[in-house]
Every structure is written in C-alpha cells, then in structure tokens.
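Notes to accompany the following structure.
None of these values were measured; they are calculated from a predicted model. Both counts, for ligands and for their atoms, begin at 1 and track the order of listing. Reckoned from all heavy atoms, side chains included, excluding hydrogens, waters and symmetry mates.
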Amino acid sequence: MEILNEHILNILHQLPANVTLVAVTKTRPVEVLQQAYDLGLRDFGENRVQEMIEKQPVLPADIRWHQIGHLQTNKVKYIAPFVHLVHSVDSLRLLEEINRQALKNNRTINCLLQIYIATEESKFGLDESELNGILENELCKSLTNIRICGLMGMASFSDDLALVRSEFAGLKQLFVRIKKKFFADSPEFSILSTGMSGDYLIAIEEGSTMVRIGTALFGER
Ligand SMILES: *Cc1c(COP(=O)(O)O)cnc(C)c1O
C-alpha cells in the first residue's frame with residue numbers, strides 16, 4: 001500500500017500542471033483502482049471493453065473512464081453510456097458508430113484520433129493523409145454527438161531515445177498543422193495523448209498534455 005502511494009505521488013509531482021495523468025489499470029483488480037482513487041486519481045484507462053464495463057459499476061461514479069485500446073465498432077454500445085474519452089479512434093466508420101451510440105445515450109463523446117508514429121509494424125493508427133481524409137469528409141463534419149479533442153500516438157518500443165523523441169516531436173507538429181487547418185476555432189482540440197511508463201518524460205518535453213501510465217504506477221503486469 002505504501003509503495004503504491006509513493007509511486008503515484010512521485011509521478012504526480014513530476015507532471016506539469018497542464019498534463020493529465022491517466023492511470024492505466026488494465027489487468028488490475030478493482031481494489032487497486034479504489035486505492036488510486038482514494039489518493040486522488042480520477043482518470044483511469046482500460047484497453048478492453050469487457051474489463052471496463054465490469055469495473056465501472058462497482059467504482060465511484062465520478063471516475064473518468066478512458067478507452068485506450070483498439071475499439072471494435074460492435075463494442076461501442078457497451079461503453080457509450082459513460083466513457084469519458086476514446087483515445088483510439090482510427091476510422092470514420094468507428095467515429096460514425098460512436099456518434100450513433102452517443103445520440104442514443106443523449107450525450108456527446110470525446111474522441112482522439114490515433115496516429116501511427118512508430119517504426120514497428122502495427123495494425124492500428126492513421127497516417128497524415130488518412131487523418132486529413134477523415135477530417136475533410138462531409139460525413140465527419142455532420143456528426144453532432146462526437147467531440148474531436150486531439151490526437152493520440154504510441155512511440156516505438158525502443159531504447160533509442162532519440163528515435164522516440166523524434167516520433168513524439170513529429171506528432172506534435174502534426175497536431176499543430178491539424179489544429180490550424182481544422183480546429184482553429186475549436187478550443188476543445190487541445191489534447192495530445194502521448195507517453196507511457198518508459199517514455200512519458202520525453203513525451204512531456206515534446207508537448208504531451210496527457211500521459212497514459214500503468215507499470216510505473218502499479219508495477220509489472
Ligand atoms: C498498456 C498501455 C499503456 C500503459 O503502458 P505502461 O507501459 O504500463 O505504462 C498506455 N497506452 C496504451 C494504449 C496501453 O495499451
């Protein structure tokens with residue numbers, strides 16, 4: 001208990017005031033989430049829809065739930081009543097479904113578009129032209145119950161810190177271009193979700209406003 005306390009407080013103290021800590025709680029039992037809550041954390045990130053919908057009803061109602069893992073369109077309906085922010089939007093089809101389920105629940109759902117920035121092969125994330133394609137699409141502009149709040153990216157799993165830094169820096173530059181082009185009058189487009197346990201300090205130096213940290217808070221999974 002003491003250990004968890006200390007890790008969380010150390011990390012919180014390192015973060016600039018403009019950076020939000022999302023505690024990544026995948027695979028952790030609800031008791032651990034409750035402890036983190038009692039220490040003051042309110043933002044929790046889960047990868048799997050099933051896990052999130054099991055934990056959400058038994059924990060305090062003011063927790064902000066973040067969907068950080070890949071989201072299948074057929075699962076959106078389960079989290080739509082309560083999810084605070086979906087970090088992993090990687091298609092227009094998924095945005096449409098989030099909008100449809102948000103409408104059904106009479107709410108607006110915050111979304112980030114996930115950008116592929118790593119050198120490794122990965123199935124998920126958009127490149128710049130795909131991102132522009134979505135934002136230019138009239139259908140996207142007509143979605144009334146989603147709020148696009150920024151971009152998310154995951155750097156390479158690499159010891160090459162210069163590479164990791166350049167990936168984060170590149171995403172920040174893309175964020176600035178996209179903001180200028182599509183969201184100049186939209187203050188809500190303000191979130192750059194980058195940085196995990198191994199690289200969050202670099203991410204913050206390169207403009208992150210939201211870090212997603214699991215292992216460094218709660219130990220190895
Ligand atoms: C698991 C996960 C994290 C946190 O990873 P740690 O290395 O444990 O901090 C962050 N983002 C995503 C998308 C994840 O799946």
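Taking the six-membered ring wherever Trp is involved, the centroid distance between the rings of F175 and F189 falls below 6.0 Å.
Between the side chain of T73 and the backbone N or O of L94 there is no donor-acceptor pair closer than 3.5 Å.
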Short N or O contacts of ligand 1 with protein, under 3.5 Å, listed by atom name?
from     : atom 1 : to   : atom 2 : distance (Å)
ligand 1 : 8 (O)  : T215 : N      : 2.8
ligand 1 : 8 (O)  : T215 : OG1    : 2.5
ligand 1 : 8 (O)  : R221 : NH1    : 2.8
ligand 1 : 8 (O)  : R221 : NH2    : 3.1
ligand 1 : 9 (O)  : S197 : N      : 3.0
ligand 1 : 9 (O)  : S197 : OG     : 2.5
ligand 1 : 9 (O)  : G214 : N      : 2.8
ligand 1 : 11 (N) : R212 : NE     : 2.9
ligand 1 : 15 (O) : K26  : NZ     : 2.7
ligand 1 : 15 (O) : N47  : OD1    : 3.1
ligand 1 : 15 (O) : N47  : ND2    : 3.3

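Using modelled atom types, one finds a donor on one side chain and an acceptor on the other under 3.5 Å when comparing Q14 with Y200. When only modelled atom types and interatomic distance are considered, S88 and H70 share no side-chain donor-acceptor pair under 3.5 Å.
Atom CG of residue N110 and atom SG of residue C149 lie 4.0 Å apart, to the nearest 0.5 angstrom. Atoms CZ and CD1, from R147 and I98 in turn, are 13.5 Å apart once rounded to the nearest 0.5 Å.
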